[in-house]
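Structure first, commentary second.
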Amino acid sequence: EKGFGGGGEPLSPPTISGDLGTFMGWVDERRKLKVFTNADTPEDAAEARRNGAEGIGLVRTEHMFFASDERLKAVRQMIMADDPTARKVALDKLLPFQRADFEGIFSAMDGCHVTIRLLAPPLHEFLPNGEMHDVCQMMADELGIEYAQVLDKIHSLSEVNPMLGLRGCRLGIVHPEISEMQARAIIEAALNVKKAGGNPKPDIMVPLVGTVKELEHQSNLVRRVAKQVFEERGASIEFRVGTMIEIPRAALMAGEIAKVAEFFSFGTNDLTQMTFGYSRDDVGTFLPTYTSEGILPADPFQVLDRDGVGQLIKMAVENGRKTNPDLTCGICGEHGGEPSSIEFVAGVGLDYVSCSPFRVPIARLAAAQAVVTAEKGIKAAHAQ
């Protein structure tokens, strides 16, 4: 690419160098928290790594389904399937896409942990937008099926509150072939990258868990698929299975869940939403009044609520590590790049924060500032 004004200078990705590079080196010497990134593509992963990210705390696999019309068509074919056999035909089309995506991300983050979340959103998010008649006709034309068949299926999938309905681990339990495809894609991709000389470190994350039985179901499924792939390939790889803590009940039951989970990742967007009972999408109707009237000190979706949500995180970390001392804990919500939220989670013993690629330098600095603030507090206490 040419620079502005036709000067002919090639463009290169921005890097942290010079005085800023020196300063960030000092920052990294002080901080204890690792800084990961949320990334869904190899390009995002590479950008985050240039900014100093040490791993990926959240890969949202559903974002990959929107990458091309061919993928989206296969997802819609899966949604319209009436039985596991027909659903598997569609999933077999998605498998190579997912595997290739994971190979790219593992390669970009070679030697670093990559946390991949299994499918999380409700299925309706993959349907076209528009009036019901138009949506049904579009789907019928696209998939070569009857209009009435599409209409019946959409009605059968209809939910009053889909964000609290068939999504996350519930989807993987009701339709296990979905989780099986994703687990296979992850493990096969890791083996391919390892064979090519890479060092992939996959962490498979089960979303929206509220009971230990849900995690047991999905963890057993993932390990069964991995064992099968290892036997097929005559090779194996280390991987971990953990969960997102994003439902208050999961935070309360963390001691039990940690007996199965190898890591916790706090999904603070949903955890805040469910703890307050606020819809994140509708909070604009009252939140400005709440903050201006002093009912809330700040937007809890931007700045972590230490008194409520924060206490759930603190309790979950403590109880989780009582039953599993090796439990890795991190945060992957929007709060992972917000300085005061980072200060809080550093104080309750989290191992890492994960944020968008462009917020990685801010998170690195905030993590170092958290150490300095804590040290000042200890010195002040001793002085008294």
Side-chain angles (χ1 to χ4, degrees), residues 36-49 53-68 70-72 74-75 78 88 90-121 126 168-169 171-172 176-207 218-219 221-233 235-244 262-263 265 328 330 332 354 356-357:
F36 288 8
T37 190
N38 303 337
D40 309 317
T41 67
E43 294 77 20
D44 283 349
E47 177 66 43
R49 199 156 193 183
E54 300 162 278
I56 295 183
L58 178 62
V59 176
R60 291 157 288 209
T61 53
E62 61 273 8
H63 286 197
M64 299 168 173
F65 294 156
F66 290 103
S68 72
E70 193 177 356
R71 297 180 188 211
L72 204 48
V75 175
M78 174 192 80
K88 193 171 184 309
L91 290 167
D92 285 345
K93 294 178 183 177
L94 287 170
L95 175 64
F97 290 123
Q98 290 258 275
R99 185 173 55 225
D101 287 334
F102 296 143
E103 286 173 6
I105 290 172
F106 288 142
S107 297
M109 299 303 289
D110 192 52
C112 301
H113 282 277
V114 174
T115 308
I116 300 169
R117 183 178 70 184
L118 299 179
L119 194 60
F126 300 105
C169 66
L171 193 60
E177 56 277 6
I178 296 176
S179 294
E180 287 168 359
M181 180 277 286
Q182 293 201 294
R184 174 172 283 275
I186 294 165
I187 298 299
E188 288 183 352
L191 287 174
N192 290 348
V193 171
K194 181 183 178 183
K195 189 176 180 181
N199 180 23
K201 294 186 175 181
D203 289 342
I204 300 173
M205 184 158 68
V206 180
Q218 292 289 280
S219 178
L221 180 153
V222 167
R223 295 187 186 284
R224 186 184 74 244
V225 171
K227 184 169 181 279
Q228 190 177 340
V229 175
F230 294 161
E231 288 171 358
E232 291 167 5
R233 294 289 190 92
S236 65
I237 195 157
E238 293 290 320
F239 68 94
R240 300 190 300 178
V241 181
T243 188
M244 282 187 96
E262 293 175 272
F263 63 88
S265 178
T328 302
C332 67
S354 190
S356 69

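This one's a predicted model, so the numbers in the text were calculated from it and none came from an experiment. All heavy atoms count here, side chains included; hydrogens, waters and symmetry mates do not. Positions are given from 1 along the sequence.
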Taking the side chain as everything from C-beta on, heavy atoms only, tell me whether [X] gets closer than 4.5 Å to [Y].
{"X": "Met64", "Y": "Ile105", "result": "yes"}
{"X": "Phe106", "Y": "Asn199", "result": "no"}
{"X": "Met244", "Y": "Cys332", "result": "yes"}
{"X": "Glu47", "Y": "Thr41", "result": "no"}
{"X": "Phe102", "Y": "Ile187", "result": "no"}
{"X": "Ile186", "Y": "Ile204", "result": "yes"}

Minimum heavy-atom separation for [X] to [Y], with atom names?
{"X": "Ser265", "Y": "Gly57", "value": "OG-O, 4.3 Å"}
{"X": "Pro202", "Y": "Ala190", "value": "CG-CB, 4.0 Å"}
{"X": "Lys194", "Y": "Ser236", "value": "NZ-O, 2.8 Å"}
{"X": "Leu119", "Y": "Leu171", "value": "CD2-CD2, 3.6 Å"}
{"X": "Cys112", "Y": "Gly55", "value": "CB-CA, 3.8 Å"}

Verify, without hydrogens or angle tests, whether [X] (side chain) and [Y] (backbone) share a donor-acceptor contact under 3.5 angstrom.
{"X": "Thr243", "Y": "Val206", "answer": "yes"}
{"X": "Lys88", "Y": "Ile178", "answer": "no"}
{"X": "Ser354", "Y": "Thr37", "answer": "yes"}
{"X": "Gln218", "Y": "Ser179", "answer": "no"}
{"X": "Glu180", "Y": "Leu221", "answer": "no"}

Carefully, step by step, assess Ile56 and Phe36 under the rule side chain to side chain contact (heavy atoms under 4.5 Å, CB included). CA-CA 5 Å; Ile56 295 183; Phe36 288 8; 5.8 Å; no

Mind running side chain to side chain contact (heavy atoms under 4.5 Å, CB included) on Arg233 and Asn192 for me, showing each step along the way? CA-CA 10 Å; Arg233 294 289 190 92; Asn192 290 348; 2.8 Å; yes

Leu118 vs Met205, side chain to side chain contact (heavy atoms under 4.5 Å, CB included): CA-CA, chis, key distance, verdict: CA-CA 6 Å; Leu118 299 179; Met205 184 158 68; over 6 Å; no

Can you tell me how far the [atom1] atom of [X] sits from the [atom2] atom of [Y], to the nearest 0.5 Å?
{"X": "Arg49", "Y": "Glu54", "atom1": "CZ", "atom2": "CD", "result": "10.0 Å"}
{"X": "Phe239", "Y": "Leu191", "atom1": "CZ", "atom2": "CG", "result": "10.0 Å"}
{"X": "His63", "Y": "Asp40", "atom1": "NE2", "atom2": "CG", "result": "5.5 Å"}

For residues Phe65 and Phe97, establish whether the separation of their ring centroids is below 6.0 Å. no

Please identify each residue that fulfils side-chain contact (heavy atoms from CB on, under 4.5 Å) with Ser219, with sequence neighbours left out. Arg223, Val241, Val260

Does a donor on one side chain sit under 3.5 Å from an acceptor on the other, for [X] and [Y]?
{"X": "Thr328", "Y": "Arg240", "value": "yes"}
{"X": "Gln98", "Y": "Thr61", "value": "no"}
{"X": "Asn38", "Y": "Ser356", "value": "no"}

If you apply the rule side chain to side chain contact (heavy atoms under 4.5 Å, CB included), what do you find for Phe230 with Ile237, and how did you get there? CA-CA 8 Å; Phe230 294 161; Ile237 195 157; 4.0 Å; yes

If you look only at pairs with a residue in residues 98-121, which of them pass as a salt bridge (charged side-chain N to carboxylate O under 4.0 Å, His left out), with sequence neighbours excluded? Glu62-Arg117, Arg71-Asp101, Arg99-Glu188

Verdict with reasoning, Glu232 to Arg184, per salt bridge (Lys or Arg N to Asp or Glu O under 4.0 Å): CA-CA 11 Å; Glu232 291 167 5; Arg184 174 172 283 275; 2.9 Å; yes

